[in-house]
Amino acid sequence: MEEKERILNFAEKKFSQNGFYKTTMDELAREMKISKKTIYKHYTSKDELLNAVIDFITESIKRKVTKLVSKKTNSAEKLYLMSVFVTKRINQISEKWLDDLRIYRPELWTKIEQFREKTIISNIDKVITQGKAEKLIVDKPNKIILMIIISSVQAILNPNFILNNNFSVNEAAKTTLEIVFTGILTKQGRKLFKNFKSGLKDEKNI
């Protein structure tokens, strides 16, 4: 891994865990065991590094979502794989990181919200439309199905829910998605989904 990419990857993990506002370039350099001068060689300021991290996150999500949507498979499988991936990705981002963006860099928060609408929600909507054509997803308004999926995942990923109910994030998310999919799939869709789930050996690599 190149030096610039290594700095970017480390900064993403650090910002995601602790937020960026109180994270200093000195701290990043010290924990990476490199000089601050080395970081500034690639990123002239923390703001530039932050922008690079946001671009890195959104581009990596876009590539993965686009790949999943273009898979030559049925909509039930696509929708589940997308939901698992997005859930895992969201879980990597702390509330502190999101709060920092909302408060200190609202223009980046707006950029992320626009990305969410344009890339994630629009692609899930596309798969729901495919599912209706395949008669695997119930013939109900796309916006309502979308809201059911998104709100269910957001509720389950609430830290208080996880802590107070002694669930792991993966266990809670997996169970939630299975329940949601039982409700939005047709009889034929549920049968395909059950077969797919029984043959899915490892969800870690999604």
Side-chain angles (χ1 to χ4, degrees), residues 4-5 8-9 11-17 19-21 43 46-134 136-158 169 173 176-177 180-181 183-185 189 203 205-206:
K4 184 176 182 178
E5 186 180 356
L8 187 63
N9 274 278
E12 183 206 349
K13 291 176 183 175
K14 189 72 176 175
F15 291 164
S16 293
Q17 291 169 357
F20 71 86
Y21 184 66
Y43 302 100
K46 190 169 78 168
D47 269 355
E48 185 179 330
L49 178 56
L50 175 62
N51 278 277
V53 167
I54 296 295
D55 288 341
F56 177 74
I57 291 172
T58 54
E59 283 302 313
S60 64
I61 292 174
K62 184 179 179 179
R63 283 196 302 271
K64 182 68 174 181
V65 168
T66 301
K67 183 179 178 181
L68 290 173
V69 171
S70 60
K71 278 173 69 75
K72 302 295 183 182
T73 188
N74 66 74
S75 55
E77 181 177 331
K78 284 184 185 180
L79 197 56
Y80 182 75
L81 292 174
M82 287 176 66
S83 299
V84 171
F85 167 70
V86 172
T87 300
K88 288 169 69 174
R89 203 66 179 83
I90 291 172
N91 186 49
Q92 293 172 2
I93 301 173
S94 69
E95 279 296 316
K96 178 61 179 170
W97 163 238
L98 296 178
D99 284 343
D100 276 1
L101 287 173
R102 291 189 195 104
I103 297 168
Y104 301 108
R105 293 300 301 273
E107 76 283 4
L108 287 181
W109 176 255
T110 300
K111 181 179 179 179
I112 292 171
E113 283 294 287
Q114 289 171 346
F115 168 80
R116 185 177 72 92
E117 288 285 340
K118 184 178 178 181
T119 301
I120 298 177
I121 292 181
S122 65
N123 277 293
I124 293 176
D125 184 76
K126 192 182 300 182
V127 176
I128 292 172
T129 299
Q130 176 191 337
K132 289 181 181 180
E134 294 171 335
L136 300 180
I137 293 178
V138 294
D139 189 17
K140 301 296 181 183
N142 284 25
K143 287 187 176 181
I144 292 178
I145 296 174
L146 266 167
M147 185 56 64
I148 289 171
I149 296 171
I150 292 170
S151 60
S152 297
V153 168
Q154 288 176 335
I156 286 300
L157 289 179
N158 184 309
V169 171
T176 299
L177 289 173
V180 168
F181 274 67
I184 68 173
L185 297 176
E203 296 180 7
N205 296 321
I206 294 176

Heavy-atom pair of closest approach, residues [X] and [Y]:
| X | Y | answer |
| --- | --- | --- |
| T119 | V65 | O-CG1, 4.2 Å |
| S151 | I148 | OG-O, 3.5 Å |
| K111 | D55 | NZ-OD1, 2.6 Å |
| L185 | A76 | CD2-CB, 4.1 Å |
| G131 | S75 | CA-OG, 2.9 Å |
| I149 | I184 | CD1-CD1, 4.0 Å |

Please check this pair: side chain of [X] against backbone of [Y], looking for a donor-acceptor N/O pair closer than 3.5 Å.
| X | Y | answer |
| --- | --- | --- |
| S16 | I93 | no |
| K132 | D139 | no |
| K62 | I120 | no |
| Q17 | S94 | no |
| K46 | Y21 | yes |
| D125 | I121 | no |

Rounded to the nearest 0.5 Å, how far apart are [atom1] of [X] and [atom2] of [Y]?
| X | Y | atom1 | atom2 | result |
| --- | --- | --- | --- | --- |
| K4 | L49 | NZ | CG | 10.5 Å |
| L101 | E107 | CG | CD | 9.0 Å |
| L146 | I124 | CG | CD1 | 6.0 Å |
| N51 | E48 | CG | CD | 8.0 Å |
| K78 | S70 | NZ | OG | 7.0 Å |
| T58 | R63 | OG1 | CZ | 9.5 Å |

Can you tell me if T129 and N142 form a side-chain donor-acceptor pair at under 3.5 Å?
yes

Do we see a donor-acceptor contact under 3.5 Å between the side chains of T73 and E77?
yes

Using side chain to side chain contact (heavy atoms under 4.5 Å, CB included), reason through E95 and D100 one step at a time and then give a plain yes or no.
CA-CA 8 Å; E95 279 296 316; D100 276 1; over 6 Å; no

Is E12 salt-bridged to R89, cutoff N-O under 4.0 Å?
yes

Got a salt bridge between D99 and K96, using NZ or NE/NH1/NH2 to carboxylate O under 4.0 Å?
no

Could you tell me if the side chain of [Y] sits less than 4.5 Å from the side chain of [X], heavy atoms only?
| X | Y | answer |
| --- | --- | --- |
| L68 | K71 | yes |
| M82 | N123 | yes |
| I112 | I57 | no |
| K64 | V69 | no |
| L50 | Y43 | no |
| L136 | Q130 | no |

Parallel, tilted or perpendicular: rings of Y104 and F20 (30°, 60°)
perpendicular

Below 30° counts as parallel, above 60° as perpendicular, anything between as tilted: where do the rings of F181 and Y80 land?
perpendicular

Checking I54 against F115 for the side chain to side chain contact (heavy atoms under 4.5 Å, CB included) test, could you report, in this order, the C-alpha distance in whole Å, the side-chain angles of both residues, the deciding distance, and whether it holds?
CA-CA 11 Å; I54 296 295; F115 168 80; over 6 Å; no

Assess the residue pair W109 and I103 against the criterion (side chain to side chain contact (heavy atoms under 4.5 Å, CB included)); give the C-alpha distance rounded to whole Å, side-chain angles, the decisive distance to 0.1 Å, and a yes or no.
CA-CA 9 Å; W109 176 255; I103 297 168; over 6 Å; no

